[in-house]
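Notes to accompany the following structure.
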Amino acid sequence: MSQTDLVTEITKQSEDFSRWYLDVVRRAELADYSPVKGCMVIRPYGYAIWELIQRELDDRFKATGHVNAYFPLFIPESLLMREAEHVEGFAPQVAWVTKGGDEVLEEKLIVRPTSEVIIGTMYAKWIKSWRDLPVLINQWANVVRWEKVTRPFLRTTEFLWQEGHTAHETEAEAHEETLRILALYKEFCETVLAMPVVDGQKSESEKFAGASRTYSIEALMGDGRALQAGTSHDLGQNFAKAFEIQFQGRDKSLQHAWTTSWGVSTRLIGGVIMTHGDDSGLILPPRVAPYQVVVVPISRGNWRETVLPRAQEIRGELQRAGVRVMLDDRDSQTPGWKFAEWEMRGVPLRLEIGPKDIEKSQVVLARRDTREKAFVPMEALVGAVTMRLDEIQAALLARARAFREEHTSATNDYEEFKRMMEGRPGFIIAPWCGSHECEAAIKAETQATIRNIPFDSPAPTAPCLKCGQPADVSAWFAKAY
RNA sequence: CGGGGCGUGGCUCAGCCUGGUAGAGCACUCGGUUCGGGACCGAGGGGUCGGAGGUUCAAAUCCUCUCGCCCCGACCA
């Protein structure tokens, strides 16, 4: 039996990527379906990943001057209605509360699909003077959007996320904040999730409902489809005007504040799965792996007296060095079974220790990403482990980057564009005139959408891919999740 | 929301066409032998067939409705 055949419960990526994804989510015990349509249960192993993501992000938010707060889950209908574009954008996805107990509510409530309106309402109360600005608040919350098609982590009716909401004195400051957060997201995705992203501006039609400008980071999944991994919105004065967020400025005049909002969600977990996973299952970057090392004692003979104590010492030693360790000392499974199981669950590094190793005062380290095995002297263990974890983290990013580069190309020719989108999916960079008509036509004909217009993209040298008029920008197209 | 597919022990599925009162493998429990890439032997436990209604002496099987999941499209973190 070959190594990749070991996990028979998982569909091969090449056979059916979508089924592979669902198999991994279920078999690795990241999430499970619930009795509520479109809502999943995030199981402990999956939630542990989310907690690591939260910690990393939260540290970054705090470091850039943001503070956490919590706003209500319910929003009165009248508040939602105040920003016209916003209502129009979200109305089809809103869940309503019409009764409390057996009393019909005088004013219906919505379950927040995002919190701009409730937070904007509060900001209007809190902000009086330019001295009150900026307000830099984040909240970790659940939100509900009534989705027609759902998939674990990628799109569920209820999901967890963080939403930052800031208010500023000037347009420039708000814009700076929008971009600061986008850069923060990009840095986070690349260094923590080992998931390379393209940062840029969304087209008008893909913009957040009510925003002046929306920016996103876009990642490329293993099947060549793009995933919007995070968004940051420059809301201009749109919400400030709708919610009367006003302050008296340095010049004594009454002004509307400039606001932003930005968020990433549990969708990131789906991104990690589809960026790094292989036919054997999950591959977790060490920085978000609930267990970075799994210790598998070779349970032979009186191993509980001989091998296990050494394994326990090793666990302690690694834990003291700050490594997240799982010692799988179950008697009921064979070592081979455990190897396959923890590989499937994506643990970056496996440490094997058996009688022979104890004799030679060594351990075996096996990498999940490359499957390389190495014998390491016991006394050099901690260094060898931490070094490998760093190497794996870097290797996953490099591999994902190489994959994205292989699957990114450019064309000026629409016929070629269509062929490329059909054949080998991925990002295609093409000149675009900026018109909604061309964007919509391309989408209708190829299913590809403009993911974003990257900041560093060079000015187009050819006319618009679709209409042949002068092109404004080079846009990144892809089929998206 | 439109088109297609599927719901049978925890999982994968057979049985359905040609109604006769539920089966396999894996998983689980107990005992023993094992254990360096998903061990083996023996003995067990567990499902009324997604749900509701109907046809029938009799329904997993036929009919109607309904719920859920998956895939493909239209809308979205």
How is A/Y185 classified with respect to the nucleic acid when contacts are heavy atoms under 4.0 Å: base, sugar-phosphate, or nothing?
nothing
Given atom CH2 of A/W337 and atom C1' of B/A27, what is their separation to the nearest angstrom?
10 Å
Between B/U18 and B/C62, how far apart are the two P atoms, rounded to whole Å?
9 Å
Name every residue in residues 260-270 of chain A that has at least one heavy atom under 4.0 Å from any atom of RNA chain B, in order of residue number, or write none if there are no such residues.
A/S265, A/R267
Expressed as a whole number of angstroms, how long is the span from A/D32:CG to B/G68:P?
17 Å
Check this for me: does the side-chain of A/R371 come within 3.5 Å of the base of B/G37 through a donor and an acceptor?
no
Examine B/G73: is either OP1 or OP2 under 4.0 Å from a nitrogen or oxygen in the side chain of A/Q447? Give yes or no.
yes
Any stacking of A/F159 on B/A77, going by centres under 5.5 angstrom and planes within less than 30 degrees?
yes
Charged N to carboxylate O below 4.0 Å: is that the case for A/K338 and A/E341?
no
Taking the minimum atom-to-atom distance to the side chain of A/R26, which one of B/C11, B/A77, B/G37 wins?
B/C11
Which is true for A/V143 with a 4.0 Å heavy-atom rule: it touches a base, it touches only sugar-phosphate, or it touches nothing?
nothing
Separation of A/D23 atom CG from B/C69 atom P, in whole Å?
17 Å
Taking 4.0 Å as the cut-off, does a side-chain nitrogen or oxygen of A/Q333 come that near to OP1 or OP2 on B/C28?
yes
Taking atom P in both B/A74 and B/G53, what distance in whole Å separates the two?
40 Å
Counting the atoms with a prime plus P, OP1 and OP2 as sugar-phosphate, which does A/K148 contact under 4.0 Å by heavy atoms, base, sugar-phosphate, or nothing?
base
Interatomic distance at P, B/A60 relative to B/C70, whole Å
28 Å
Does A/R151 have a side-chain nitrogen or oxygen under 4.0 Å from the phosphate oxygens OP1 or OP2 of B/C71?
yes
Using a 4.0 Å heavy-atom cut-off across all strands, classify A/S332 as base, sugar-phosphate, or nothing.
nothing
Show, in sequence, the C-alpha distance, side-chain angles and deciding distance for A/D223 and A/W20, and conclude whether the side-chain hydrogen bond (donor to acceptor under 3.5 Å, both in side chains) test is met.
CA-CA 11 Å; A/D223 61 348; A/W20 168 85; over 6 Å; no
Using Watson-Crick or G-U wobble geometry with both distances under 3.5 Å, which nucleotide pairs with B/C65?
B/G51
By the 4.0 Å heavy-atom rule, please label A/G38 as base, sugar-phosphate, or nothing.
sugar-phosphate
Whole-angstrom distance between B/C49 and B/G10, as gauged at atom C1':
16 Å
For atom C1', what is the distance between B/U12 and B/C1, given to the nearest Å?
32 Å
Restricting to side-chain hydrogen bond (donor to acceptor under 3.5 Å, both in side chains), what partner residues turn up for A/R310, sequence neighbours left out?
A/E313
So A/Q93, base contact, sugar-phosphate only, or nothing? Heavy-atom distance under 4.0 Å.
sugar-phosphate
Pair A/E116, A/S261: side-chain N/O donor-acceptor within cut-off below 3.5 Å:
yes
B/A14 and B/A52, which share atom name P, separated by this distance in whole Å:
24 Å
When the P atoms of B/A43 and B/G4 are compared, how many Å lie between them, rounded to an integer?
50 Å
Both distances under 3.5 Å, Watson-Crick or G-U wobble: report the partner of B/G38, or none.
none
So, does the side chain of A/E343 form a donor-acceptor pair with the base of B/G37 at under 3.5 Å?
yes
For a quick check of understanding: with a heavy-atom distance under 4.0 Å over all strands, which category does A/D16 fall into, base, sugar-phosphate or nothing?
nothing
When the ring centroid of A/F208 is compared with that of A/F90, is the distance short of 6.0 Å?
yes
In terms of side-chain heavy atoms, does A/E343 have a donor or acceptor partner in A/S280 at a distance below 3.5 Å?
no
Is the phosphate of B/C75, meaning OP1 or OP2, less than 4.0 Å from a side-chain N or O of A/K443?
yes
Please classify the nucleic acid contact of A/T334 as base, sugar-phosphate, or nothing, using heavy-atom distances under 4.0 Å.
base
Distance-only donor-acceptor check, side chains A/T449 and A/R451, under 3.5 Å:
yes
Non-neighbouring partners of A/W432 that pass ring pair (Phe, Tyr, Trp, His ring centres under 6.0 Å), sequence neighbours left out
none
Which part of the nucleic acid, if any, lies within contact of A/P355, taking any heavy atom under 4.0 Å across all strands shown: a base, the sugar-phosphate backbone alone, or nothing?
base
Before giving the answer on salt bridge (Lys or Arg N to Asp or Glu O under 4.0 Å), spell out for A/K207 and A/E204 the whole-Å C-alpha distance, their side-chain angles and the decisive distance to 0.1 Å.
CA-CA 5 Å; A/K207 204 183 66 179; A/E204 192 63 20; 2.9 Å; yes
Does a side-chain N or O of A/K37 approach OP1 or OP2 of B/C67 to a distance below 4.0 Å, or not?
no
By the 4.0 Å heavy-atom rule, please label A/V296 as base, sugar-phosphate, or nothing.
nothing
Need the pair for B/A74. Rule: Watson-Crick or G-U wobble, both distances under 3.5 Å, any strand; none if unpaired.
none
Please work out if A/K338 contacts a base, only the sugar-phosphate, or nothing of the nucleic acid, heavy-atom cut-off 4.0 Å.
nothing
Using Watson-Crick or G-U wobble geometry with both distances under 3.5 Å, which nucleotide pairs with B/U21?
none
Between A/T214 and A/H233, does any side-chain donor sit less than 3.5 Å from a side-chain acceptor?
yes
What integer number of Å spans the P atoms of B/G51 and B/U56?
23 Å
